[in-house]
Amino acid sequence: MTVESTAARKPRRSAGTRKSPSTKPELVQLLTPEGKRVKNAEYDKYVADITPEELRGLYRDMVLTRRFDAEATSLQRQGELGLWASLLGQEAAQIGSGRALRDDDYVFPTYREHGVAWCRGVDPTNLLGMFRGVNNGGWDPNGNNFHLYTIVIGSQTLHATGYAMGVAKDGADSAVIAYFGDGASSQGDVAESFTFSAVYNAPVVFFCQNNQWAISEPTERQTRVPLYQRAQGFGFPGVRVDGNDVLASLAVTKWALERARSGEGPTLVEAYTYRMGAHTTSDDPSKYRADEEREAWEAKDPILRLRRYLEASNHADEGFFAELEAESEALGRRVREAVRAMPDPDRFALFEHAYADGHALVDEERAEFAAYQASFTDGEGA
């Protein structure tokens, strides 16, 4: 029997697996990758009154968010942070949706929503403090209507649904938005939140950033249909938006939030985008995806797209871009200085609040850990 080489063999399709539908899913887009404005009869009205100043504001948000994100990645590589989850490539989805929110709306993020945090007025250094281990978030969730980051994949959708049900019972006209990724869409918590929000007509928007990869798992390994179509099975609408188009992300999120506030229930928004960097700084994406794929998405860059539109529309000049570059540099310096001025994490904090009234086993473990730490300074250990 001849043994084929691995390279020569074609991958077999597992039993029961179907090819993706041949028809391309509908994608809401208002700005093409070339920066040209596209008319859309359904969603144009949600950005019809946007001013040149507001457009420049969206551009500024994306540029500064990207600079902050890049600085955080560098700081982690220098040993200043334990970990970092980059948002590179997802700026338009986050800034567009973040700027669609009202102050009284409530946000439940996962752990990559640095752009949304920016829109909600959370100081970037608080995010870095969390990834450095010196705080548990560092901001008051009720002060910004922005909940703390959630590391448990998908669980924040249940928190958001419960909160939205409470909002409805209180008779408020505000809305709730829950952010999660394509990987989290496979979690049972997300399906459960869809069920409860639909049955109770909760005023919640589920905002899925489909960045194509759940760490190393591509989307086609998780779903047979486009993610936004899953909403149909739960009885509420879903829509796919170009997640690299900040205008479209803004418009579609405004529409979904208005539905929620007016008592029409939940909506699933799938922002079709791409994770340009690693899943986190502990990941090496070159092991599971091709360079050609990344290069294709680089041509759809959300920041370059809006810049082209601003320039073509004479909404921004070189002076604006130069000033923004200087502001970006200043932000980078502030972030670096703030992180390097932070104390080292409290090594014994993990033993606090494990039990409300304390526990003998925790006390024993604390003592053992203290002895181990002391061994590095008293010559008994290495």
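For the residue pair R340/Q78, the side-chain donor-acceptor check at 3.5 Å is satisfied. For the residue pair E270/Q229, the side-chain donor-acceptor check at 3.5 Å is not satisfied. A donor and an acceptor atom, one from each side chain of N210 and T219, are located under 3.5 Å apart. Residues D189 and T157 bring no donor and acceptor atom of their side chains to less than 3.5 Å of each other. Under 3.5 Å, the side chains of W118 and D61 contain a donor-acceptor pair of N or O atoms. No side-chain donor-acceptor contact under 3.5 Å links Y288 and E217.
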message: The test is salt bridge (Lys or Arg N to Asp or Glu O under 4.0 Å); show your working for D173 and R102 and say whether it passes.
response: CA-CA 11 Å; D173 70 343; R102 290 191 333 207; 3.2 Å; yes
query: Can you list the steps and then say if Y179 with F206 is a ring-ring contact (aromatic ring centres under 6.0 Å, His included)?
result: CA-CA 6 Å; Y179 288 88; F206 297 105; over 10 Å; no
message: Before you tell me yes or no, could you show the steps for R336 and E71 under salt bridge (Lys or Arg N to Asp or Glu O under 4.0 Å), namely the whole-Å CA-CA distance, both residues' side-chain angles and the distance that decides it to 0.1 Å?
response: CA-CA 7 Å; R336 285 195 302 275; E71 203 64 49; 3.0 Å; yes
R275 and Q212: CA distance, side-chain angles, deciding distance, side-chain hydrogen bond (donor to acceptor under 3.5 Å, both in side chains) verdict: CA-CA 7 Å; R275 192 192 77 214; Q212 314 297 308; over 6 Å; no
- request: List the steps and the verdict of salt bridge (Lys or Arg N to Asp or Glu O under 4.0 Å) for D69 and R66.
  value: CA-CA 5 Å; D69 180 73; R66 178 172 291 187; over 6 Å; no
message: Under the criterion side-chain hydrogen bond (donor to acceptor under 3.5 Å, both in side chains), I'd like the reasoning laid out for S174 against D105: C-alpha separation, chi angles, the key distance, then a yes or no.
response: CA-CA 5 Å; S174 57; D105 294 330; 5.0 Å; no
- request: Take E34 and Y309 through the side-chain hydrogen bond (donor to acceptor under 3.5 Å, both in side chains) test and state the conclusion after the steps.
  value: CA-CA 8 Å; E34 296 75 29; Y309 178 70; over 6 Å; no
field: Test log, rule side-chain hydrogen bond (donor to acceptor under 3.5 Å, both in side chains), inputs E53 and T51
entry: CA-CA 5 Å; E53 181 180 5; T51 65; 5.0 Å; no
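Residues L87 and W297 fall into different hydrophobic clusters, defined by Ile, Leu, Val, Met, Phe, Trp and Tyr side chains chained together at heavy-atom separations under 4.5 Å. Under a hydrophobic-cluster definition in which Ile, Leu, Val, Met, Phe, Trp and Tyr are linked whenever side-chain heavy atoms come within less than 4.5 Å, directly or via other members, V63 and I50 are assigned to the same cluster. When the side chains of ILVMFWY residues are joined at heavy-atom separations under 4.5 Å, either directly or via intervening members, Y59 and L30 end up in a single hydrophobic cluster.
Side-chain contact between F234 and V199 is absent, with no heavy atoms from C-beta onward closer than 4.5 Å. Between Q156 and S193, the closest side-chain pair of non-hydrogen atoms is not below 4.5 Å. Contact of the T125 side chain with the R334 side chain is registered, since non-hydrogen atoms from C-beta on lie closer than 4.5 Å. The closest side-chain heavy-atom distance from L306 to L31 is below 4.5 Å. Side-chain contact check for F348 versus R366: some heavy-atom pair is nearer than 4.5 Å. In this structure, S185 and R230 have side chains that are in contact, with non-hydrogen atoms separated by less than 4.5 Å. Considering only heavy atoms from C-beta on, H279 stays 4.5 Å or farther from W213 through its side chain. For the pair V269/R240, no side-chain contact is recorded, criterion being any heavy-atom separation below 4.5 Å from C-beta on.
Electrostatic pairing of R37 and D44 counts as a salt bridge here, judged by a charged N lying under 4.0 Å from a carboxylate O. R294 and D291 are not joined by a salt bridge, as no carboxylate oxygen comes within less than 4.0 angstrom of a charged side-chain nitrogen. Ion pairing of E258 with K254 is absent here, as no side-chain N (NZ or NE/NH1/NH2) approaches a carboxylate O to less than 4.0 Å. Between R261 and D104, none of the side-chain N atoms (NZ, or NE/NH1/NH2) sits under 4.0 Å from a carboxylate O, so this pair counts as no salt bridge. Ion pairing between R308 and D301 fails under the 4.0 Å rule for side-chain N and carboxylate O.
Considering all non-hydrogen atoms of both residues, N211 and Q90 come closest at ND2-OE1, 2.9 Å. What you find for A251 and V47 is that their closest heavy atoms are CB-CG1, 3.9 Å. Contact record, L268 with A231: CB-CB, 3.9 Å, taken as the closest heavy-atom pair. Nearest heavy-atom pair across D182 and C208 is N-SG, 3.8 Å. Nearest heavy-atom pair, A85 versus F131, reported as atom, atom and distance to 0.1 Å: N-CE2, 4.4 Å. Scanning both residues, M342 and R132, for their nearest heavy atoms gives O-NH2, 3.4 Å.
In this structure, the side chain of T223 does not engage the main chain of L227 through any donor-acceptor pair within 3.5 Å. Although no hydrogens or angles enter the test, the distance criterion places no donor-acceptor pair under 3.5 Å between the side chain of S313 and the main chain of L310. S74 contributes a side-chain N or O that, together with a main-chain N or O of A70, makes up a donor-acceptor pair within less than 3.5 Å. Checked by atom type and distance alone, the side chain of Q76 never pairs as donor or acceptor with a backbone atom of T73 at under 3.5 Å. Counting only distance, with no hydrogens or angles, the side chain of S86 and the backbone of L88 share a donor-acceptor pair below 3.5 Å. A donor-acceptor distance shorter than 3.5 angstrom exists from the side chain of R120 to the backbone of D103, with no hydrogens or angles considered. Looking only at distances, a side-chain donor or acceptor of S197 sits under 3.5 Å from a matching main-chain atom of F194.
For the atom pair CD of E264 and CG of N201, the computed distance is 8.5 Å after rounding to the nearest 0.5 Å. Rounding to the nearest 0.5 angstrom, the gap separating the OH atom in Y228 from the CG atom in L27 is 9.0 Å. Atoms CE and CG, from M130 and N136 in turn, are 9.0 Å apart once rounded to the nearest 0.5 Å. Of the inter-residue distances, the one linking F207 atom CZ with I177 atom CD1 reads 6.0 Å to the nearest 0.5 angstrom. Note: L148 CG to D140 CG = 8.5 Å, rounded to the nearest 0.5 Å. Rounded to the nearest 0.5 Å, atoms CG (N126) and CG (N144) are 8.5 Å apart.
Ring planes of F351 and F369: tilted class, angle from 30 to 60°. Using the six-membered ring where Trp is involved, W84 and H114 have ring planes that are parallel, under 30° apart on the 30 and 60° scheme.
Of the residues E327, E329, E91, the one that meets the salt bridge (Lys or Arg N to Asp or Glu O under 4.0 Å) test with R67 is E329. Across L247, D242, V246, a single residue satisfies side chain to side chain contact (heavy atoms under 4.5 Å, CB included) together with R305, and that is D242. When each of F146, Y163, Y149, F180 is paired with F108, the ring-ring contact (aromatic ring centres under 6.0 Å, His included) condition holds for Y163 and for no other.
When the shell of 6.0 Å around CZ of F320 is examined, it contains more than 12 heavy atoms from other residues, nucleotides or ligands.
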